[in-house]
Amino acid sequence: QVQLVESGGGLVQPGGSLRVSCAASGSIFKIYAMGWYRQASGKQREMVAVFTSSGSTNYASSVKDRFTISRDSTRNTVYLQMNTLKPEDTAVYYCYARIQQSRYSAETNDYWGRGTQVTVSS
């Protein structure tokens with residue numbers, strides 16, 4: 001089994017910064033993609049920033065130049081540094097990963113963390 005555990009959410013004032021982390025653990029042979037989605041109250045879940053299977057990064061246009069995704073592959077961990085936060089960034093941030101669990105099977109599965117709340121408010 002695979003677990004994704006997020007940490008680092010909280011309350012921050014507009015213009016402030018916050019970093020969230022996500023660590024993947026369990027039966028992992030290879031991580032193909034990993035990153036962050038968010039879901040604001042009453043809205044659909046949306047991609048924020050991800051490392052793709054090719055190793056490149058994708059950002060939502062609304063966060064580009066403010067958020068930075070990084071990773072520590074040795075620890076199966078991704079980070080999201082969020083700067084110049086705005087009230088509209090308020091959401092539950094979910095970690096996502098596409099993982100191949102076994103070297104004997106090419107099958108991959110998508111996993112989600114439970115989410116961490118980020119609230120931007122004065």
Side-chain angles (χ1 to χ4, degrees):
Q1 197 51 278
V2 172
Q3 298 83 38
L4 302 181
V5 178
E6 303 102 334
S7 61
L11 173 65
V12 63
Q13 291 187 341
S17 297
L18 204 62
R19 189 176 85 153
V20 290
S21 305
C22 171
S25 63
S27 179
I28 298 170
F29 173 67
K30 183 178 180 179
I31 297 177
Y32 278 86
M34 195 168 181
W36 295 92
Y37 285 68
R38 68 186 180 186
Q39 187 167 17
S41 180
K43 295 188 177 182
Q44 289 190 330
R45 192 173 296 189
E46 63 176 356
M47 186 275 292
V48 177
V50 295
F51 282 103
T52 69
S53 57
S54 66
S56 62
T57 54
N58 286 341
Y59 289 92
S61 57
S62 60
V63 307
K64 208 167 186 179
D65 299 327
R66 297 188 299 121
F67 291 9
T68 302
I69 190 171
S70 60
R71 63 184 170 183
D72 182 345
S73 298
T74 64
R75 299 184 178 186
N76 293 332
T77 299
V78 291
Y79 307 93
L80 185 67
Q81 177 66 43
M82 302 180 285
N83 298 327
T84 319
L85 282 159
K86 304 175 181 181
E88 51 263 43
D89 294 317
T90 295
V92 178
Y93 283 70
Y94 294 94
C95 182
Y96 158 83
R98 176 162 290 176
I99 293 172
Q100 178 183 348
Q101 288 187 262
S102 170
R103 66 174 67 238
Y104 303 111
S105 170
E107 179 184 7
T108 60
N109 293 291
D110 293 340
Y111 295 90
W112 294 90
R114 292 188 175 183
T116 184
Q117 177 71 46
V118 172
T119 302
V120 184
S121 175
S122 54

Nearest 0.5 Å please: distance from the CG atom of Asn58 over to the OG1 atom of Thr52. 6.0 Å

When you compare the side chain of Gln44 with that of Tyr37, does any pair of heavy atoms fall below 4.5 Å? no

Heavy atoms, side chains only, cut-off 4.5 Å: are Ile69 and Tyr59 in contact? yes

Sequence neighbours excluded, every pair satisfying side chain to side chain donor-acceptor pair (under 3.5 Å) that has a member inside residues 4-19: Ser17-Asn83

Under the salt bridge (charged side-chain N to carboxylate O under 4.0 Å, His left out) rule, collect the residues that match up with Arg38, sequence neighbours excluded. Glu46, Asp89

Are Val2 and Tyr32 linked, directly or through intermediate hydrophobic residues, by side-chain heavy-atom contacts shorter than 4.5 Å (ILVMFWY only)? no

Is it the case that more than 12 heavy atoms not belonging to Asn109 sit under 6.0 Å from its CG atom? yes

Qualifying residues under side chain to side chain contact (heavy atoms under 4.5 Å, CB included), relative to Ser121, sequence neighbours excluded: Leu11, Thr119

Separation between CD1 of Ile99 and CD of Glu107, rounded to the nearest 0.5 Å: 12.5 Å

Quick check on the hydrophobic clustering: are Val48 and Tyr111 connected, directly or via other members, by side-chain heavy-atom contacts under 4.5 Å? yes

Does Tyr96 have any side chain to side chain donor-acceptor pair (under 3.5 Å) partners at least two apart in sequence or in another chain, and if so, which? Arg98, Asp110

Quick one: disulfide bond (SG atoms under 2.5 Å apart) pairs with a partner in residues 7-113, sequence neighbours left out? Cys22-Cys95

Where Ala33 and Ser53 come nearest, the two heavy atoms and their spacing: CB-N, 4.2 Å

For the residue pair Ser122 and Pro14, what are the closest heavy atoms and their distance? N-CD, 3.7 Å

OG/Ser21 to CD/Gln81 distance, rounded to the nearest 0.5 angstrom? 9.5 Å

Distance check, rounded to the nearest 0.5 Å: Leu18 atom CG versus Leu85 atom CG? 6.5 Å

Same apolar cluster: Val50 and Tyr94, side chain cutoff 4.5 Å: yes

Same cluster for Val12 and Val63 if Ile/Leu/Val/Met/Phe/Trp/Tyr side chains link at under 4.5 Å? yes

Gap between atom NZ of Lys30 and atom CZ of Arg103 - 0.5 Å precision: 12.0 Å

Taking the six-membered ring for Trp, are Phe67 and Tyr93 parallel (under 30°), tilted (30 to 60°) or perpendicular (over 60°)? tilted

For Val20, side chain to side chain contact (heavy atoms under 4.5 Å, CB included) partners two or more places apart: Trp36, Leu80, Met82, Thr116, Val118

Out of curiosity, does Tyr79 fall in the hydrophobic cluster containing Met34 (side-chain heavy atoms, cut-off under 4.5 Å, transitive links)? no

